[in-house]
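Attaching a single structure in structure tokens format; questions to follow.
All ligand and atom numbering here is 1-based and tracks the order in the structure.
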Amino acid sequence: MIAARSIAAAQVGGITFAAGPARPAIGVSFEFFPPKTPELEAALWRTVTRLAPLAPRFVSVTYGAGGSTRERTHAIVERLEREVGLNPAAHLTCIGASRAEVDQVARQYWQSGIRHIVALRGDPPNGAGSYVPHPDGYRFAAELVAGLKRITDFEVSVAAYPEVHPEARSAADDVDNLKRKVDAGACRAITQYFFDPDVYLRFRDRARAAGVTVPIVPGILPVTNFAQVVRFSATCGTTVPAWLSGLFDGLDDDAETRKLVAATVAAEQCRRLQQAGIDEFHFYTLNRADLTYAICHILGLRPTAAAPGAMGAT
Ligand code: FAD
């Protein structure tokens, strides 16, 4: 354990940095994806070892397009629970699978001791056109949530979209969809990443006005590769503000400065959300520890003695 130091809160550039003993209590969760090679898998477990002492409320593992990572997702989730002692959540999508197939995967999770599912519709693989539900499948995430709850009492988290899901008929329809997912049994929403805290706060207000009372945890993406973020944001509907482009301008060949800028941007985003009363954050780690760890540190989080144990290198 690293002892808490008695330092005063500091105001730098409009950001209040947390003081030692009076650090705000925040909860974090970390998202990982199943790596494709043994080298990347070893890197994932190094990341997990680094982040585990921050005692995340849960860690989640994504499910590749159309269930393509089914076995790998399962193996990682199980190992996170059995060997690292973290509280894992398995992402599960319903696209391209019958209800019976999806139910079978869910039952296997329950039998392995996994109690938390992030229930999603999923997207067609790249270039495969628009979404068509499986003829015998759950059509939307709300149906999947209801199906999971029929199987057993899973803890279920779902996705939410501060900037509206790209296929939604309207912003109001999208919030109604979130409400349906919660009514079906979801106890938490995790948002798509965004960069402007006001976008999230306005969305949260709309969701609350529509009767969504569960926690809506902001999804935070520390920017490791700006060009990639720009490409991905165009597909998922996240706005990349001009000020963000300006901050990364000229840093293509300067990884060191890019990293510092990325940590500062995400930390400031979180601090503004904290000031608005948000005390829980979900980090899209991209299987890297450095930025997420630094941001959590800035937010006042410190390794705890009771944190889950570190893993041996693989
Ligand atoms: P839904 O909630 O079903 O909504 C999809 C769209 O359909 C929305 O536009 C909604 O408004 C609309 N809709 C819903 N119900 C109806 C209805 N009855 N009639 C008409 N329209 C309706 N993808 C993966 O493949 N694997 C992952 O692991 C993964 N993890 C994710 C984690 C998070 C936190 C987030 C935010 C997204 C994740 N995704 C993942 C991406 C997700 O699968 C896509 O964003 C997908 O397009 C929508 O999934 P959903 O669960 O939000 O769908």
Are the aromatic rings of H116 and F154 close, with centres under 6.0 Å apart?
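No - the distance between ring centres of H116 and F154 does not fall below the 6.0 Å cut-off.
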Protein residue, atom and distance nearest to atom 3 (O) of ligand 1, heavy-atom basis:
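Among all protein heavy atoms, the one nearest atom 3 (O) of ligand 1 is A141 N, 2.8 Å.
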Got the closest protein heavy atom to atom 11 (O) of ligand 1, with its distance?
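Going by distance alone, atom 11 (O) of ligand 1 is nearest to D174 OD1, 2.8 Å.
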Give me the nearest non-hydrogen protein atom to atom 51 (O) of ligand 1 as residue plus atom name, then the distance to 0.1 Å.
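Looking only at protein heavy atoms, the one closest to atom 51 (O) of ligand 1 is R121 N, 2.9 Å.
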Does R50 count as lying over the ring of W45, i.e. NZ or CZ under 6.0 Å from the six-ring centre, within 45 degrees of the axis?
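Verdict for W45: no cation-pi partner in R50.
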Does K181 come within less than 4.0 Å of E143, counting only side-chain N to carboxylate O?
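Looking at K181 and E143, the cut-off is not met.
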For atom 20 (C) of ligand 1, what is the closest protein heavy atom, and at what distance to 0.1 Å?
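Ranked first by proximity to atom 20 (C) of ligand 1 is R169 NH2, 3.6 Å.
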Just heavy atoms, cut-off under 4.0 Å: does Y131 contact ligand 1 by side chain, backbone, both, or neither?
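The answer is neither; Y131 stays 4.0 Å or more away.
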For I190, take its heavy atoms, then give the atoms of ligand 1 lying under 4.0 Å from any of them.
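So the atoms of ligand 1 that pass are 34 (C).
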Give me the residue, atom name and distance of the protein heavy atom closest to atom 4 (O) of ligand 1.
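Atom 4 (O) of ligand 1 sits closest to the protein heavy atom N177 ND2, 3.3 Å.
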Test side chain to side chain contact (heavy atoms under 4.5 Å, CB included) applied to T292 and L54, I220, V28, T285, the passing residue
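Single pass found, and it is T285.
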To which of G122, A119, G219, A186 does the heavy atom nearest atom 43 (O) of ligand 1 belong?
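It is G122 that holds the nearest heavy atom.
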Cation-pi, Y63 ring and R70 (6.0 angstrom, 45 degrees)
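Output no; distance or angle outside limits.
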Tell me the protein heavy atom at minimum distance from atom 41 (C) of ligand 1, and give that distance in Å.
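Scanning the protein heavy atoms, the shortest distance from atom 41 (C) of ligand 1 goes to D123 OD2, 4.2 Å.
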Heavy atom under 4.0 Å from ligand 1: found in H282's side chain, backbone, both, or neither?
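None of H282 does.
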Rounded distance (nearest 0.5 Å) linking atom CD of Q269 with atom CZ of F194
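Nearest 0.5 Å value for the CD-CZ distance: 5.0 Å.
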Salt bridge or not for D153 and K149, using N-O below 4.0 Å?
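Salt bridge present between D153 and K149.
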Would you check whether R139 reaches within less than 4.0 Å of ligand 1, judged by its heavy atoms?
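No, that is not the case, since the closest heavy atom of the residue is not under 4.0 Å from the ligand.
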Under a 4.0 angstrom heavy-atom cut-off, which atoms of ligand 1 come close to T62?
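Answer for ligand 1: 28 (O).
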Could you tell me whether the side chain of E41 and the main chain of T37 form a donor-acceptor pair under 3.5 Å?
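No: the side chain of E41 does not pair with the backbone of T37.
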Does the N or O separation between A160 and ligand 1 drop below 3.5 Å for any pair?
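N/O-N/O distance below 3.5 Å does not exist for this pair.
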Need the ligand 1 atom indices (1-based, order shown) with element for anything under 4.0 Å from a heavy-atom of T93.
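Result: 24 (C), 25 (O), 26 (N).
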Record the part of H91 in heavy-atom contact with ligand 1 below 4.0 Å; permitted values are side chain, backbone, both and neither.
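Near ligand 1, H91 shows its side chain, while the N, CA, C and O stay back.
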Applying a 4.0 Å heavy-atom criterion (strictly less than), which segment of L120 is in contact with ligand 1: side chain, backbone, both, or neither?
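It is both backbone and side chain that touch ligand 1.
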Need the ligand 1 atom indices (1-based, order shown) with element for anything under 4.0 Å from a heavy-atom of Y161.
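Per the distance check, 37 (C), 42 (C), 44 (C), 45 (O), 48 (C), 49 (O), 50 (P), 52 (O).
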Nearest protein heavy atom to atom 8 (C) of ligand 1, by residue and atom, and its distance?
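For atom 8 (C) of ligand 1, the nearest protein heavy atom comes out as H165 ND1, 3.3 Å.
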Run the numbers for me: atoms of ligand 1, each under 4.0 Å from some heavy atom of A159, listed by number.
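Answer, ordered by atom number: 35 (C), 36 (C), 52 (O).
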Among the heavy atoms of Y284, does any lie under 4.0 Å from an atom of ligand 1?
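True for this residue.
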What I want to find out is whether R258 reaches D252 closely enough, with some N-O distance under 4.0 Å, to be called a salt bridge.
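Looking at D252 together with R258, the answer is no, because their closest N to O distance does not fall below 4.0 Å.
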Are D183 and K179 ion-paired here, with the side-chain N under 4.0 Å from a carboxylate O?
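Answer for the salt bridge query: yes.
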Out of all atoms in ligand 1, which are within 4.0 Å of some heavy atom of Q192? Include the element for each.
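Near Q192, the atoms of ligand 1 are 36 (C).
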May I ask you to check if ligand 1 and Y63 share an N or O to N or O distance below 3.5 Å?
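Yes; the residue has a nitrogen or oxygen that sits under 3.5 Å from a nitrogen or oxygen of the ligand.
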Using 30° and 60° as the class limits, which term best fits the ring planes of F281 and F283: parallel, tilted or perpendicular?
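Because their plane-to-plane angle lies in the 30° to 60° range, the rings of F281 and F283 count as tilted.
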Lys/Arg-Asp/Glu bridge criterion (N-O < 4.0 Å) met for K259, D290:
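Yes.
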Look at atom CZ of R139 and say whether more than 12 heavy atoms of other residues, nucleotides or ligands are closer to it than 6.0 Å.
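For R139, atom CZ is not crowded (no more than 12 foreign heavy atoms under 6.0 Å).
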Closest non-hydrogen protein atom to atom 12 (C) of ligand 1, residue and atom name please, with distance?
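Here the closest protein heavy atom is F140 CE2, 4.2 Å.
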Test side chain to side chain contact (heavy atoms under 4.5 Å, CB included) applied to R204 and I278, step by step
CA-CA 11 Å; R204 187 195 54 171; I278 307 301; 3.3 Å; yes
